[in-house]
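Read the structure below first, then the notes.
Just so it is clear, the structure is predicted and the values come from calculations on it, not from any experiment. Indexing begins at 1, ligand by ligand and atom by atom, following the structure's order. Counting from 1, the numbers follow the sequence of the chain as shown.
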Amino acid sequence: MTYIGRFAPSPTGPLHFGSLLAALASYLDARHHQGKWLVRIEDLDPPREIAGASTAILHCLENFGFTWDGEVIYQSKRHNFYRESLEQLITNQNAYYCNCSRQQLRQRSGSNLYDNYCREHLPAETNGCAIRCFVPAATNPVDAQFKDRIQGQQPAFCSEDFVLYRRDGFFAYQLAVVLDDAVQQISHIVRGSDLLDSTPKQLQLQRRLNLPIPAYAHIPVAGNLQGQKLSKQTFAQALDDEPVPQLLAALNFLGQQPPTDLADSNKEDILAWAIQHWQINQVPAQSTIIWQP
Ligand code: GLU
């Protein structure tokens, strides 16, 4: 088996403990299986991005002792590829233009879920339109679930024709992540459970495009005492310059049991121990775990 894993941060701020968990778990799983580990910067959404964050993220990964394979890929440089793929999806009737506003949708159906209106009423003008993935009614029960390596059986139900290209002119995460995971031949995806409900959409798109389906593993996310995920919005602290205690805290969070004397060693020894002893079945099958620094 060829294992290719990846870490795919969005440069919306510096790495924090929550992002360290995703980086570490994906890294250890890849290296434990003698696999490759790629880094991809998902800079698709300029309004949410912070100048200099990509460079800071890469420095921080280096400072924590991570080494990646090959060149770092930046999604902002791949627009032509996404555009060509979208055109292909439209030509093959796997996607269609939609100019419905949220307000129109609420007025029509009283819900935020898309009612497939533009499937039958194609907009006359494509400028300013979103592009949605055509999601057929589920017919095959085998496709109704997927098995997550940590969280177990999960619903693979896709509740609406989701957006691949946004009305504000940006490519959607769901499109870019699926295309890039395929091009980079990612075999295993390890990431935070906040993306668990994106997975059915990604499976759907992979099926529509006849792409191989990677194995998925969703780790618990770190939450604050209010149960909110650590993130820039909840003022998560940036990782500081002392990798050793933070790596050990992250390993404990992930259910690995580093020996206490590792606290006296360096980041290289900690990562070497963690690669050798990585046990994905020790990672708690929970979506959130409260974490206090
Ligand atoms: N770029 C996404 C994020 O930072 C992660 C994408 C993924 O791992 O699929 O939340």
Side-chain angles (χ1 to χ4, degrees), residues 3-30 35-50 53-58 60-61 66 68 72-78 82 146 148-151 154 156 158 162-164 166 170-206 209 211-223 228-234 236 238-239 254 280 283 287-288:
Y3 185 121
I4 306 182
R6 48 65 157 188
F7 175 53
S10 305
T12 53
L15 293 186
H16 49 75
F17 186 74
S19 14
L20 174 63
L21 294 170
L24 185 62
S26 59
Y27 182 76
L28 296 179
D29 198 55
K36 289 191 177 160
W37 187 69
L38 315 185
V39 174
R40 181 171 74 226
I41 300 286
E42 300 209 321
D43 49 354
L44 268 187
D45 192 353
R48 288 184 56 228
E49 284 153 24
I50 304 273
S54 302
T55 317
I57 288 173
L58 297 176
C60 183
L61 289 174
F66 294 100
W68 54 87
V72 173
I73 278 197
Y74 290 81
Q75 290 190 325
S76 57
K77 308 236 166 76
R78 299 173 56 69
Y82 303 144
F146 72 98
D148 188 270
R149 292 169 63 216
I150 296 172
Q151 308 288 343
Q154 296 294 315
C158 211
F162 55 93
V163 169
L164 301 172
R166 292 161 35 179
F170 297 117
F171 295 98
Y173 156 68
Q174 310 294 356
L175 174 79
V177 77
V178 163
L179 293 175
D180 286 342
D181 282 337
V183 166
Q184 296 190 288
Q185 298 180 295
I186 302 298
S187 61
H188 290 73
I189 292 177
V190 180
R191 60 187 181 188
S193 67
D194 51 322
L195 292 166
L196 206 45
D197 58 5
S198 283
T199 309
K201 298 177 185 150
Q202 294 170 20
L203 292 168
Q204 178 64 234
L205 196 49
Q206 285 152 354
L209 291 167
L211 297 172
I213 309 261
Y216 285 94
H218 288 86
I219 62 168
V221 294
Q228 298 162 312
K229 179 199 161 195
L230 291 191
S231 68
K232 206 181 67 172
Q233 287 74 24
T234 57
L239 294 172
L254 293 168
I280 199 166
V283 179
S287 57
T288 307

> What closest approach, in Å, do S10 and I57 show between heavy atoms, and which atom pair accounts for it?
Replying inline: O-CD1, 4.2 Å
>> Which residue is it: L61, L38, L24? I am looking for the one with a side-chain contact (heavy atoms from CB on, under 4.5 Å) to F7.
In response: L61
> Do Y3 and D29 have a side chain donor and acceptor closer than 3.5 Å?
Replying inline: yes
>> Checking Q184 against R6: is there a side-chain donor and acceptor pair closer than 3.5 Å?
In response: no
>> Is it the case that the side chain of T288 and the backbone of V221 share a donor-acceptor pair, with hydrogens and angles ignored and the cut-off at 3.5 Å?
In response: no
I'd like the atom pairs linking ligand 1 to the protein - N or O on both sides, separation under 3.5 Å - with distances to 0.1 Å.
unit_1	atom_1	unit_2	atom_2	d
ligand 1	1 (N)	A8	O	2.7
ligand 1	1 (N)	S10	OG	2.8
ligand 1	1 (N)	E42	OE1	2.6
ligand 1	4 (O)	S10	N	3.2
ligand 1	4 (O)	S10	OG	3.2
ligand 1	8 (O)	R6	NH1	2.6
ligand 1	9 (O)	R6	NH1	3.4
ligand 1	9 (O)	R6	NH2	2.9
ligand 1	9 (O)	Y173	OH	2.8
ligand 1	9 (O)	R191	NH1	2.8

> Quick one: are S26 and R191 in side-chain contact, heavy atoms under 4.5 Å?
Replying inline: no
